Protein chains: 2
Amino acid sequence: MWRVNTLGFAILGLLARRPLSGYRVAQLMREPIGFFWNAGHAQIHGTLRKLVEAGWAEYRTEPGPGPHDKKLYSATAAGRAALAEWAASPLPTPQPHDELLLRVYNGWLADPAAMREMLTAELERREASLAHYLTVRAEFEADGTPEDPTTQRFVDYATVLNGIGSERYVLDWLRWLIGTLRD
Amino acid sequence: MWRVNTLGFAILGLLARRPLSGYRVAQLMREPIGFFWNAGHAQIHGTLRKLVEAGWAEYRTEPGPGPHDKKLYSATAAGRAALAEWAASPLPTPQPHDELLLRVYNGWLADPAAMREMLTAELERREASLAHYLTVRAEFEADGTPEDPTTQRFVDYATVLNGIGSERYVLDWLRWLIGTLRD
DNA sequence: AGATCCATGTAAACCGTTACATGATTAT
DNA sequence: ATAATCATGTAACGGTTTACATGGATCT
């Protein structure tokens with residue numbers, strides 16, 4: 001039987017919250033989840049099939065638009081239990097892939113003006129991202145700061161706070177770096 | 001001809017600094033580069049072969065221990081030029097894969113005590129990592145803070161500062177999160 | 001004597017991206 | 001009329017991991 005991979009748990013985490021079509025999973029994989037995980041629809045459909053084979057998800061069919069039926073997936077009790085155990089199990093050592101740092105590491109060879117341009121574009125992208133996180137945080141706090149770590153609302157809030165911290169430190173670092181590239 | 005991927009540039013960045021065997025590349029891919037990129041030796045040998053085919057790297061053979069000859073790779077002039085251009089070219093939108101955040105996102109289902117344990121282990125790992133970065137920074141600054149962005153010494157320093165900032169914000173966030181899991 | 005380091009390679013399996021393929025419903 | 005959205009799938013290719021395979025030199 002298939003050894004469920006991290007993407008499997010990412011998808012199961014969405015199905016554990018509410019039943020979804022593969023198409024909706026792909027959307028959520030862009031918008032709230034996209035800040036820490038992502039996958040395209042081709043990969044998602046295959047993984048959903050494997051989750052069903054593993055007995056961790058099930059679906060009911062509805063007549064959908066287009067040539068294929070719509071499938072509404074949800075997590076089974078076994079799937080939820082496996083997800084709950086996985087969430088708190090020891091983390092594997094991370095294998096980072098940060099292209100920005102790789103660019104900077106090789107930046108001593110590059111034209112400083114071109115480097116400054118690339119970094120400024122990245123700065124602007126991340127300023128927009130921070131602004132978005134701050135809006136979301138404000139919406140959370142307007143309804144009362146979440147406090148119970150066993151609620152969906154709390155964990156959503158926690159990931160947003162992480163996003164804010166993450167963008168803030170990179171922005172500081174980028175501003176310092178761009179400053180060293182002044183002529 | 002092969003479209004050089006990000007790993008190709010990661011390896012080329014090491015070869016642009018000094019000639020290396022594939023084995024040494026694999027070592028460096030763990031230790032200083034491992035904080036922002038990584039790959040196993042199987043992938044590295046294949047990519048080195050492709051870099052040579054592309055005319056961006058070359059090697060001279062030396063009798064090595066074991067059944068195969070040792071190959072000392074270095075970047076060609078064309079390779080260096082391509083690397084310099086790539087370093088400052090626009091960044092693709094990043095596709096994050098952060099398992100820690102995925103765990104937290106599903107943590108509402110998990111046992112809070114188990115969650116606290118996993119997060120505490122991660123906290124300790126990252127405290128050690130921060131301590132390491134701080135030592136490296138102190139060594140840099142003892143010899144005078146690097147200031148010229150067109151030197152290897154400066155870009156190495158810049159990546160270490162990034163590491164410090166990155167670990168510090170996650171540590172703050174982890175301490176807050178673990179605090180909410182007190183019983 | 002045994003473990004670790006240096007050193008390179010192949011093969012199979014799996015993961016991930018891109019392109020191709022179809023087609024109804026709804027909004028502009 | 002045209003575009004976007006909803007909806008699912010396959011095929012080909014390329015990237016990544018894991019296991020297998022070999023063997024000298026050096027350290028404990």
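Every value quoted in this text rests on a predicted model; they were computed, and no experiment measured them. Chain naming here is simple, since letters A, B, ... match the order of the sequence lines and numbering starts at 1 in each.
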* Asked: Of the options Arg126(B), Arg125(B), His132(B), which is the one that meets Glu167(B) in a side chain to side chain donor-acceptor pair (under 3.5 Å)?
  -> Arg126(B)

Once side chain to side chain donor-acceptor pair (under 3.5 Å) is applied, what residue pairs with a partner in [range] remain, sequence neighbours excluded?
range	result
residues 140-151 of chain A	Glu141(A)-Tyr157(A), Asp148(A)-Thr150(A)
residues 1-11 of chain B	none
residues 25-45 of chain B	Arg24(B)-Gln27(B)

* Residues that Gln152(B) engages under side-chain contact (heavy atoms from CB on, under 4.5 Å), provided they are two or more places apart -> Trp108(A), Arg17(B)

Rounded off to whole Å, could you give me the [atom1]-to-[atom2] distance for the [X] and [N] pair?
X	N	atom1	atom2	answer
Arg49(A)	dC14(C)	CZ	C1'	13 Å
Leu72(B)	dC6(C)	CG	P	14 Å
His45(B)	dT17(D)	NE2	C1'	15 Å
Ile44(A)	dT17(C)	CD1	C1'	12 Å

* Would you find a donor on one side and an acceptor on the other, under 3.5 Å apart, between the side chain of Arg116(A) and the backbone of Ile178(A)? -> no

* Structure fact -> Separation between CD (Glu85(A)) and CZ (Phe9(A)), nearest 0.5 Å, reads 8.5 Å

* To do: Considering non-hydrogen atoms only, spot the tightest contact between Trp173(A) and Val104(A) and give its length.
  => CH2-CG2, 3.8 Å

* To do: Might you point out which heavy atoms bring Ile44(A) and Ala26(A) nearest each other, and give the distance in Å?
  => CD1-CA, 3.5 Å

* Return the residues of residues 11-36 of chain A meeting this criterion: a heavy atom under 4.0 Å from some atom of DNA chain C. Order them by number, or give none. => none

* Using rotation axes that map the C1' atoms of four end pairs onto the next four (five pairs an end), what angle separates the end axes of the helix from dA1(C)-dT28(D) to dT28(C)-dA1(D), to 10°? -> 40°

For nucleotides 19-27 of chain C, which of its nitrogen or oxygen atoms have a protein nitrogen or oxygen under 3.5 Å away, and what is each distance?
unit_1  : atom_1 : unit_2   : atom_2 : d
dA24(C) : O4'    : Gly66(A) : N      : 3.3

* **Sequence-distant partners of Tyr23(A), ring-ring contact (aromatic ring centres under 6.0 Å, His included), two or more places apart** => none

* **Sequence neighbours excluded - ring-ring contact (aromatic ring centres under 6.0 Å, His included) pairs with any residue from residues 61-82 of chain A** => Tyr59(A)-Tyr73(A)

Dump every N/O contact between nucleotides 12-16 of chain D and the protein below 3.5 Å, one line per pair.
unit_1  : atom_1 : unit_2   : atom_2 : d
dG15(D) : OP1    : Asn5(B)  : ND2    : 3.3
dT16(D) : OP2    : Gln43(B) : NE2    : 2.7
dT16(D) : O5'    : Gln43(B) : NE2    : 3.2

* Applying side-chain hydrogen bond (donor to acceptor under 3.5 Å, both in side chains), name anything that partners Ser21(A), two or more places apart in sequence or on another chain. => none

* Structure fact -> By side-chain hydrogen bond (donor to acceptor under 3.5 Å, both in side chains), Glu53(A) pairs with (sequence neighbours left out) Arg49(A)

